[in-house]
Protein chains: 2
Amino acid sequence: MKKRILISDIAKALGISVTTVSFILNDKAKEKRISEALTKRVLDYVKKVGYKPNELAKSLRTGKTKILGLIIEDISNPFFGNIARLIESKVYEQGYRIIYCSTNNDVEKAKELIQMFYDRQVDGFIITPSDGLEDTVKQLQQNNIPVVLFDRYFPDLETDYVGADNFQGAFDASNHLCQQGYRRIGFVSLYSDQTQMKERSDGYMKAMDNNKQQSFIQKIQMDASDEEAMESLREFICENRLDAVLFSTNYLAISGLKASKKFNFTMPAVIAFDDHTVFKLVEPSITVVSQPIKDIAENLINILLLRLQGKIKATRRMVLPCELKVRESTKVKVTS
Amino acid sequence: MKKRILISDIAKALGISVTTVSFILNDKAKEKRISEALTKRVLDYVKKVGYKPNELAKSLRTGKTKILGLIIEDISNPFFGNIARLIESKVYEQGYRIIYCSTNNDVEKAKELIQMFYDRQVDGFIITPSDGLEDTVKQLQQNNIPVVLFDRYFPDLETDYVGADNFQGAFDASNHLCQQGYRRIGFVSLYSDQTQMKERSDGYMKAMDNNKQQSFIQKIQMDASDEEAMESLREFICENRLDAVLFSTNYLAISGLKASKKFNFTMPAVIAFDDHTVFKLVEPSITVVSQPIKDIAENLINILLLRLQGKIKATRRMVLPCELKVRESTKVKVTS
DNA sequence: CTGAAAGCGCTAACAA
DNA sequence: TTGTTAGCGCTTTCAG
């Protein structure tokens, strides 16, 4: 926490010019053919006095902030929270920093956030886009700011993207339910055009078709309160006498669990998309479709960093496999 | 997302000097006795073209970044996560931004983080200090960087602080357990000298003494794995035939729940410090001591902002009351 | 009231 | 190989 020392201080102390120091500090020593001896002398001195360049001045000069903007749906959802954490630590090693914000699926807020990050000159973006954010993303691209989308994408816009195989995940989960002997299998989703929801829905329906089962689909308003969601779910499950339900997100499943507790009805077999601490602790524990969080995070930043270095030209879309973690909630059905 | 416009652009467009524009933009119009008409003309133009000052340049010049550093124990713990969110939005209105990082109670990491934030010239800090961070905090103060601590503090260091009334919270919880008829009441804590743990422990013991009950205290290593914690808890609860347990943190309680599930023993009456989604959903739902998160967040930033404006001289220590939320886990004991 | 100009600390042409 | 110096965009002192 010693007082701040400047590049000019070290130049003076060593009796050389700031240019030389700057070159050495920026790994341009050999390129500029600066003697090894001098280089070492400077580096040693720098380490000794613990010099740290003023990042503000650097950014102002170079136009690069080494800061990445992460725009996600909800940081308090462990799925996103974990991805954020992984991204943060990964990117840290590369000398980048992350700033993040939640949109809570509100387009206006998302636009505002992106504008703010843009004003703050972040070097690049990782975004879980809400409906209606297509134009904003396009503008970013036109301004030459690298953007990589995740969790969902815009079919009509060429963008880098990393996400899970939602179709397969939902398909496998639904099939599993059929194989365990369930016959009245519902699917709970959101009123949203986001691709991941569409894909999960398609996966569910495909499985129902393959197994010659009827489909029961309930959608919830994205801005519904917990109470409203619970009420809809109670009705959906009870009125249809469902014996199994696939929830398309972890928080919908949690609302379902709360509903069964509040309205005192027995929860049928349950599978949730995305894991959560709750699912392991609840009785019975809940089977989940788990996304490959680590892979997603790694690919996300790999792609973004490559873009930043201009080492990539074609857009990349990566789809990673999900894993079905079977737990107690989907035991073989006991026919009464 | 229009192209960036500079203060000189607007000066040129309006045929005046940058100084004038700068004064107006920084609310120094009347102080510098600039005509109302001109002021309005400039403001209108600025709004029209959507000018946003370059924050980097501003910070470089003024030495103020308008960024606050938030160093917390674990962002993925909803207690801290919620506080972080509240602080973020509150502070946003005042034109400040937050950058945050988790220490996971690792002193070295905390020191590193603080150094990094200091290098990045944050204007002030909010910190949940880990053991051993006293000197670092002292140095910050000596460098005239405002710091306000929360959740715990250093008894020997004069610092601003905001936290809950841990003693009272633990005392009330323990008393409640006694009143419900429990007799073998355990307390689970951490091997740590942090003040909040000490206070909770004191509250528990005081209640045990008042009720003439024996104390059972189990401490867990802070760096223990989940498995180790579960094993210790199983042993503690089963061997002592406890009929009630007060957990000093939410994640310890969660480990307890996991243990009871894994080792298949019946959980006695439970109270946890700090609420969590899990506690409402689990069967039976868990009684908790809930900290006044909103109050804590508000006071934290109020104090920090006052400090930043130099409007405060004496250090402030605020202790806010906790609330006991009684749920199913602490029903009146049925004597067998 | 308003303008010119000096920096904040750093990078990188351009010279030497 | 190395030094001089012009900015990056903004605030603020000092002169009008």
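Within every chain, numbering begins at 1; the chains are lettered A, B, ... in the order of the sequence lines, protein sequences first and strands thereafter. Not measured: the values here are computed from a predicted model. Side chains included, hydrogens not; waters and symmetry mates left out as well; all remaining heavy atoms used.
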So which protein N/O to nucleotides 4-6 of chain D N/O distances come out below 3.5 Å?
residue: D:dT4; atom: O4; partner: A:Thr19; partner atom: OG1; Å: 2.4

Rounded to whole angstrom units, what separation is found between the [atom1] atom of [X] and the [atom2] atom of [N]?
X	N	atom1	atom2	value
A:Arg120	D:dC8	CZ	P	21 Å
B:Ile7	C:dA4	CD1	P	14 Å
B:Ile24	D:dT12	CD1	P	15 Å
A:Leu56	D:dC10	CG	C1'	12 Å
B:Leu6	D:dT11	CG	P	12 Å
A:Leu60	D:dG7	CG	C1'	9 Å
B:Asp9	D:dC10	CG	C1'	13 Å
A:Lys58	D:dG9	NZ	P	19 Å

Query raised in the report: Is A:Glu73 salt-bridged to A:Arg152, cutoff N-O under 4.0 Å?
Result: yes

Any side-chain N or O of [X] below 4.0 angstrom from OP1/OP2 of [N]?
X	N	answer
B:Thr20	C:dG3	yes
B:Tyr51	D:dC10	yes
B:Asn26	D:dT11	yes
A:Ser22	C:dC10	no
B:Lys32	C:dT2	no

Report task. Please tell me if the side chains of B:Leu320 and B:Val162 come closer than 4.5 Å, counting only heavy atoms from C-beta onward. Result -> yes

Report summary line: Only residue of A:Arg316, A:Arg307, A:Gln141, A:Arg317 satisfying side-chain hydrogen bond (donor to acceptor under 3.5 Å, both in side chains) with A:Asp160 is A:Arg307

**Report entry** Distance-only polar pair, side chains of B:Asp74 and B:Ser102, donor-acceptor under 3.5 Å
**Finding:** no

Query raised in the report: With a 3.5 Å cut-off and no angle check, do the side chains of B:Asp119 and B:Gln115 form a donor-acceptor pair?
Result: yes

Query - Closest-nucleotide 5' rank along DNA chain D - winner of B:Ala57 and B:Lys28 - result: B:Ala57

Report task. Identify, between A:Ser35 and B:Asn54, the residue whose nearest nucleotide on DNA chain D lies closer to the 5' end. Result -> A:Ser35

Requested in this report: Would you indicate whether B:Lys138, at its atom NZ, is surrounded by more than 12 heavy atoms from other residues, nucleotides or ligands within a distance under 6.0 Å?
Outcome: no

Query raised in the report: So does B:Arg120 have more than 12 non-hydrogen atoms from other groups sitting under 6.0 Å from CZ?
Result: yes

**Report entry** Pairwise 5' ranking along DNA chain C for B:Thr62 and B:Phe23, keeping only the more 5' one
**Finding:** B:Phe23

